[in-house]
Protein chains: 2
Amino acid sequence: MLSEICLPLGMARHDVAKLDELIKERIRIPKGSALFHLGDKAEAVFGIRSGSLKTQLEDAGGQVQITGFLLPGEIIGMDGLLENRQVSHAIALEDSEVCVIRIDEMDQLSQHIPVLHQQLRRLMSKEINRSHQLVMSLGSLRSEQRLAAFLINLSQRLATLGYSSSEFVLRMSREEIGNYLGLTLETVSRLFSRFAREGVLHIQQRQVHIVDMPTLRTLAGTDCG
Amino acid sequence: MLSEICLPLGMARHDVAKLDELIKERIRIPKGSALFHLGDKAEAVFGIRSGSLKTQLEDAGGQVQITGFLLPGEIIGMDGLLENRQVSHAIALEDSEVCVIRIDEMDQLSQHIPVLHQQLRRLMSKEINRSHQLVMSLGSLRSEQRLAAFLINLSQRLATLGYSSSEFVLRMSREEIGNYLGLTLETVSRLFSRFAREGVLHIQQRQVHIVDMPTLRTLAGTDCG
DNA sequence: CGTCTCCTTGAAGGCGATCAAGTTCAGTGG
DNA sequence: CCACTGAACTTGATCGCCTTCAAGGAGACG
């Protein structure tokens, strides 16, 4: 059960039992505090059990760029495995809980469970793909398309978790959405207002209700030619 | 020697010998042709031995986004490991040669060379970081800063390969640079002209000579506060 | 009830896109 | 050798999207 949240992978059942040993350690992160900071030693990756987090880069000048919003079942911290140093900050958007997957322990365990490496590899590949999708969004979509695509993506991931795909609460601020999408908070706010005015969705603060998903997909501009 | 190009990792010498077995297969890719296309079966990743390639995503509407320019020593195709299907196109910018690293063979070999998994993991983490840097560039830099940062990055990677960091030939067109940086080819051209006018660099077609690296770093806006 | 944070909305301006000619250069064939 | 051709690049003029600046509104919490 834990392992299905932390490494939802499709492994043999008896392997999953061994895996449970690996990921028995958990950490609670209160809203607004950090799971790790840039520069921290990175000896593990973290599977999100509950809540949600953001990861953000910070350059020498203090400029921040959010690179992801992570939901339960997703893995955080894989970008730190290069030099065993975290290169980003991971901050909880709400009270959250993660399980700790120590890399050295995983390496030992995977001598008995060879597929384990494949699974982590797939998760890292997924992270690469996720980031490439964001690049595509930032590089070639206009503001309206970016926000629409963002909402659709969020909707789908929430649906996978068993939540409603049409009604949900944004855990992040307009400013955070804007930063993530390469827009200003004002632009995000205006777009929400416009989408609501056009009857595509209802929005009240952070409560979102997608009314017309087909039109939203059209706005995203990625469902046809 | 081959392995140092294909997996430049810092492994024990006797391990490297075994690794040579793994990566004995090579492929030559003529300029303009593809190493792989979107949808191809992905059973391997590829280490670039010589030349250079670009990777590009393509959405349902045919919209293209270049996600990377790859140089010798770098690995291509790691984004296809999620579903064993390529999710991008890899196209040679010049006549190039890659070595093939079959994933299943690598898994077998790494039972004898445990560090091998770590190395691939580090390379994948590096790819995640690379993509995140691009997100940062697209999300929070202005056109001038993006192109400056792009040139500095290219310069550093060429220096690592033993080439001059101040004089080199761009293997990609203005349009490709623009696509990669989320700009139009006209904007890229104008920026090159402006940089040259301001004495930061000389440019003649694709031949670049960086004259004033400190100023270029200032333009990139990432070297100080 | 005041204060603070987050959000909304308006007005003005700038940066990069778009449209439109020219220019350079490598390759081709007369 | 040189004109022809087409692709890649440069440069200019105009336009529009998004940012910036500014002010006001909505909740949350002491």
Side-chain angles (χ1 to χ4, degrees), chain A residues 30-32 54 63-66 91 93-95 137-151 169-198 201-209 219-221, chain B residues 30-32 54 63-66 69 91 93-95 137-151 169-198 200-209 219-221:
Chain A
K31 176 176 178 174
K54 64 173 173 177
Q63 175 71 256
V64 162
Q65 174 67 48
I66 296 173
I91 296 165
L93 296 174
E94 59 191 311
D95 291 352
S137 177
L138 292 172
S140 64
L141 301 187
R142 8 240 317 2
S143 63
E144 172 183 275
Q145 298 175 303
R146 286 185 214 176
L147 186 62
F150 170 74
L151 290 171
V169 175
L170 299 171
R171 297 302 182 179
M172 67 295 285
S173 68
R174 302 288 190 267
E175 182 169 19
E176 287 168 327
I177 296 172
N179 181 290
Y180 178 69
L181 296 176
L183 304 169
T184 60
L185 69 95
E186 292 95 329
T187 298
V188 173
S189 178
R190 270 184 257 268
L191 286 169
F192 273 131
S193 299
R194 199 170 92 210
F195 287 172
R197 202 181 317 130
E198 292 169 352
L201 51 75
H202 293 161
I203 184 152
Q204 191 166 18
Q205 296 291 113
R206 300 189 178 182
Q207 179 73 42
V208 176
H209 182 191
L219 287 172
Chain B
K31 174 176 178 175
K54 64 173 174 177
Q63 175 70 256
V64 162
Q65 173 68 47
I66 296 174
F69 297 114
I91 297 166
L93 297 173
E94 58 190 312
D95 290 353
S137 177
L138 293 171
S140 64
L141 301 186
R142 322 231 258 68
S143 63
E144 170 184 276
Q145 298 175 301
R146 285 185 215 178
L147 186 63
F150 170 74
L151 290 171
V169 175
L170 298 171
R171 298 302 181 177
M172 66 296 285
S173 69
R174 303 286 189 269
E175 183 170 17
E176 288 169 326
I177 296 172
N179 181 291
Y180 178 68
L181 296 176
L183 304 169
T184 60
L185 68 95
E186 292 96 329
T187 298
V188 173
S189 178
R190 268 184 257 269
L191 287 169
F192 274 131
S193 299
R194 200 170 91 211
F195 288 173
R197 202 181 316 130
E198 293 170 350
V200 178
L201 51 76
H202 293 161
I203 183 150
Q204 191 165 17
Q205 296 291 110
R206 299 189 179 184
Q207 180 72 43
V208 177
H209 181 192
L219 286 172

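All chains are named by letter (A, B, ...) in the order of the sequence lines, taking the proteins before the strands, and each is independently numbered beginning at 1.
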(request) Pick base, sugar-phosphate or nothing for Ser189(B), based on heavy-atom distances below 4.0 Å to the nucleic acid. (result)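 Result for Ser189(B) = base.
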(message) Just to be sure I understand the rule, does Arg206(A) reach a base, reach only the sugar-phosphate, or reach nothing, if contact means heavy atoms closer than 4.0 Å?
(response) sugar-phosphate
Treating [X] as the side-chain partner and [Y] as the backbone partner, does any N or O pair qualify as donor plus acceptor under 3.5 Å?
X: Gln207(B); Y: Gln204(B); result: no
X: Arg174(B); Y: Leu185(B); result: no
X: Asp95(B); Y: Pro30(B); result: no

(request) Please name the pair of heavy atoms, one in Gln65(B) and one in Asn179(B), separated by the smallest distance, quoted to 0.1 Å. (result)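 Result for this residue pair: NE2-O, 3.0 Å.
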(message) Can you tell me how the ring of Phe69(B) sits relative to the ring of Tyr180(B), calling it parallel under 30°, perpendicular over 60° and tilted otherwise?
(response)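 The arrangement is tilted - the two ring planes meet at 30° to 60°.
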(request) Return the set of residues passing salt bridge (Lys or Arg N to Asp or Glu O under 4.0 Å) with Glu175(A) (not counting sequence neighbours), or none when no residue passes. (result) none
(message) According to salt bridge (Lys or Arg N to Asp or Glu O under 4.0 Å), who are the partners of Glu186(A), at least two apart in sequence or on a separate chain?
(response)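 Salt bridge (Lys or Arg N to Asp or Glu O under 4.0 Å) list for Glu186(A), sorted by chain: empty.
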In whole angstrom, what separates [X]'s [atom1] from [N]'s [atom2]?
X: Glu176(A); N: dT5(C); atom1: CD; atom2: P; result: 15 Å
X: Ile203(A); N: dC6(C); atom1: CD1; atom2: P; result: 16 Å
X: Ile177(A); N: dC6(C); atom1: CD1; atom2: P; result: 13 Å
X: Phe192(A); N: dT9(C); atom1: CZ; atom2: P; result: 13 Å

(message) Salt bridge check, Arg171(B) against Glu94(B): does any charged N sit closer than 4.0 Å to a carboxylate O?
(response) yes
(request) Would you mind reading off the bend of the helix from dC1(C)-dG30(D) to dG30(C)-dC1(D) from its two end axes, five pairs each, to 10 degrees? (result) 30°
(message) Quick check: do Leu93(B) and Lys31(B) have side-chain heavy atoms less than 4.5 Å from each other?
(response) no
(request) Quick one, give me the B/S/- string for nucleotides 14-28 of chain C, reading 5' to 3', where B means a protein heavy atom under 4.0 Å from the base and S means that only happens at the primed atoms, P, OP1 or OP2. (result) --SSBB---------
(message) Going 5' to 3' along DNA chain D, which are the first and last nucleotides with any atom under 4.0 Å from a heavy atom of chain B?
(response)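 From 5' to 3', the first and last contacting nucleotides are dA8(D) to dA13(D).
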(request) Please lay out, stage by stage, how Met172(A) and Lys54(A) fare under the test side-chain contact (heavy atoms from CB on, under 4.5 Å). (result) CA-CA 9 Å; Met172(A) 67 295 285; Lys54(A) 64 173 173 177; over 6 Å; no
Distance-only donor-acceptor pairs under 3.5 Å for side chains of residues 187-197 of chain B, two or more places apart:
residue, atom, partner, partner atom, Å
Thr187(B), OG1, Thr184(B), OG1, 3.1
Ser193(B), OG, Ser189(B), O, 3.1
Arg194(B), NH2, Glu144(B), OE1, 2.1

